Amino acid sequence: MITRVFSGIQPTGTLHIGNYFGAVRNWAAMQHDLECIICIVDYHAITIDVDPKTLRQASLNMAMDLIASGIDPEKTILFVQSDVPEHTELAWILGCVTSFGDLSRMTQFKDKSSREAFISSGLFTYPVLQAADILLYLADGVPVGEDQVQHLELSRRIARRFNSRFGETFPEPEPVVGKKGGRIMSLSDPTAKMSKSSGEAHYVGVMEAETSIRKKVRSAVTDMGLESGDAMSPGVANLFEILELSTEATGEADLVDTLRADFAAGTLMYSKLKDTVFEQLMEILRPIQQKRAKLEASGEVLELLRFGAEKAQTIAQDTIVQVRSVVGLGTANP
RNA sequence: AGGCCCGUAGCUCAGUUGGAAGAGCGUCCGACUCCAAAUCGGAAGGCCGGGGGUUCGAGCCCUCCCGGGCCUGCCA
């Protein structure tokens, strides 16, 4: 039985609808039944080149996006990672029970390092910090997408090795699967997951201006003309996916059925599909954008994050005291 | 600590004895499309890493600095 869930998200400055439908919305649903901890992972962000002038603001923006998207800072512990420096201490200690070979096998490192000119050792040990994030809170559940299962496996491995070496300390975190697959693909390249790093045309920002969103949806790749009865192309399937996820909340699910029937009959106009996707999407995004604007005007994020960091640190410090004790570190806690 | 190589458009790079800064990809606009993609047409985009020097003239030569890569060594 899972009781406490940890999630991290990088301070990329803004959320896109892939983040929203794939992760954030599930977190918002979970926070009513489970103890949720959501961390804006700025220590992770600095593993690749970042601009120090924008990092802090990116963290604050991400926090505001999350709250506007339904994360309730009263229910969920929401904070910025570096406000709780215990993360780094635990990462060091866990790094010492992590094998070099395990880290070398991480595919995401191989991926990212091949793209960077400067490869920091932090990029290499990133999964250790990720394990520390989870284990610091003794979280027993981690909402996880396809691409993160390998990292979670490593976290479990690290927890297991630590426990066997120093005594039962950490639960082995279980993957928590969201209720819906919710994997949204890039609009320009529907074979790749939606991400900000691929470029402007690839993603739709949750806080993006309506005119811009409309344009991006209209520009989505479809297909080169199908015979009726042909399988749906990845691009069209992706649009249907977005539509389905949107209408789930707007209560207009019959729109999807109608359009699907049109597709099956070979009479679907993609321009109509796109307009519908755009309209339904905006039904979801508009209230979020309004909430976000109010939040920004109020200037209360800093206070909310400080509140979150305090709650997080209370848990984190208990863990660190325990860890230092079983490992034999320091003189304060024999 | 020593040796070698690199830094030019958002990205990957070309740039001849020193003589008017370029290409591909990406971006923006247009044509074509039910809408898009692909394709075609057009446009924007640059402190040539930075300072100093040589020269009538420097992306190119000299020098120092900054940043990055590889190799060897030293310390922990």
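The chains referred to below are lettered A, B, ... by the order of the sequence lines, with proteins before strands, and numbering in each begins at 1. Keep in mind that the numbers below use all heavy atoms, side chains included, and drop hydrogens, waters and symmetry copies. Bear in mind the structure is a predicted one, so any value in this text is a computation, not a measurement.
When rounded to the nearest whole Å, the span between OH of A/Y270 and P of B/rC35 equals 13 Å. Remark: C1' of B/rC35 and CG of A/D262 are 15 Å apart, rounded to the nearest angstrom. In this structure, A/N238 atom CG and B/rA36 atom C1' are separated by 13 Å, rounded to whole Å. Rounded to a whole Å, the CD atom of A/E279 is 14 Å from the C1' atom of B/rC35. Going from atom CZ of A/R214 over to atom P of B/rC35 covers 12 Å, rounded to whole Å. At whole-Å resolution of the value, CZ in A/F278 and P in B/rC35 are 18 Å apart. One can place CE of A/M269 at 14 Å from P of B/rA36, the figure rounded to the nearest angstrom.
One side chain, A/T3 or A/D140, offers a donor N or O that lies under 3.5 Å from an acceptor on the other.
Under the ring pair (Phe, Tyr, Trp, His ring centres under 6.0 Å) criterion, A/H151 pairs with no residue at all, not counting sequence neighbours. By the side-chain hydrogen bond (donor to acceptor under 3.5 Å, both in side chains) test, A/T12 pairs with no residue at all, sequence neighbours left out.
The side chain of A/T222 approaches B/rA36 more closely than any other nucleotide in the set B/rA36, B/rC34, B/rG68. With B/rG68, B/rC35, B/rA37 as the candidates, the nucleotide lying closest to the side chain of A/R218 is B/rC35.
The separation of B/rC62 from B/rG26, taken at their P atoms, amounts to 38 Å, rounded to a whole angstrom. For the P atoms, the distance linking B/rA20 with B/rU12 amounts to 27 Å, nearest Å.
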Give me the distances for all protein-to-nucleotides 23-31 of chain B N/O pairs that come in under 3.5 Å?
from: B/rC29; atom 1: OP1; to: A/K215; atom 2: NZ; distance (Å): 2.8

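For the pair A/K274 and A/I119, both in contact range of RNA chain B, the more 5′-proximal nearest nucleotide belongs to A/K274.
Of the nucleotides present, B/rA31 is the one that pairs with B/rU39 by Watson-Crick or G-U wobble criteria, both distances under 3.5 Å.
Taking the six-membered ring for Trp and thresholds of 30 and 60 degrees, A/F240 and A/F263 have ring planes more than 60 degrees apart, a perpendicular arrangement.
Scanning atom types as modelled, one donor and one acceptor separated by under 3.5 angstrom connect the side chain of A/S271 and the base of B/rC34.
Counting non-hydrogen atoms of other residues, nucleotides and ligands closer than 6.0 Å to NZ of A/K193 gives a total of 12 or fewer.
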inquiry  = Determine whether A/F21 and A/H16 satisfy the following criterion, ring-ring contact (aromatic ring centres under 6.0 Å, His included), listing intermediate values before the conclusion.
reply    = CA-CA 9 Å; A/F21 288 118; A/H16 58 69; over 10 Å; no

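Between A/R214 and A/E210 there is no salt bridge, since no side-chain nitrogen of the basic residue lies less than 4.0 Å from a carboxylate oxygen of the acidic one.
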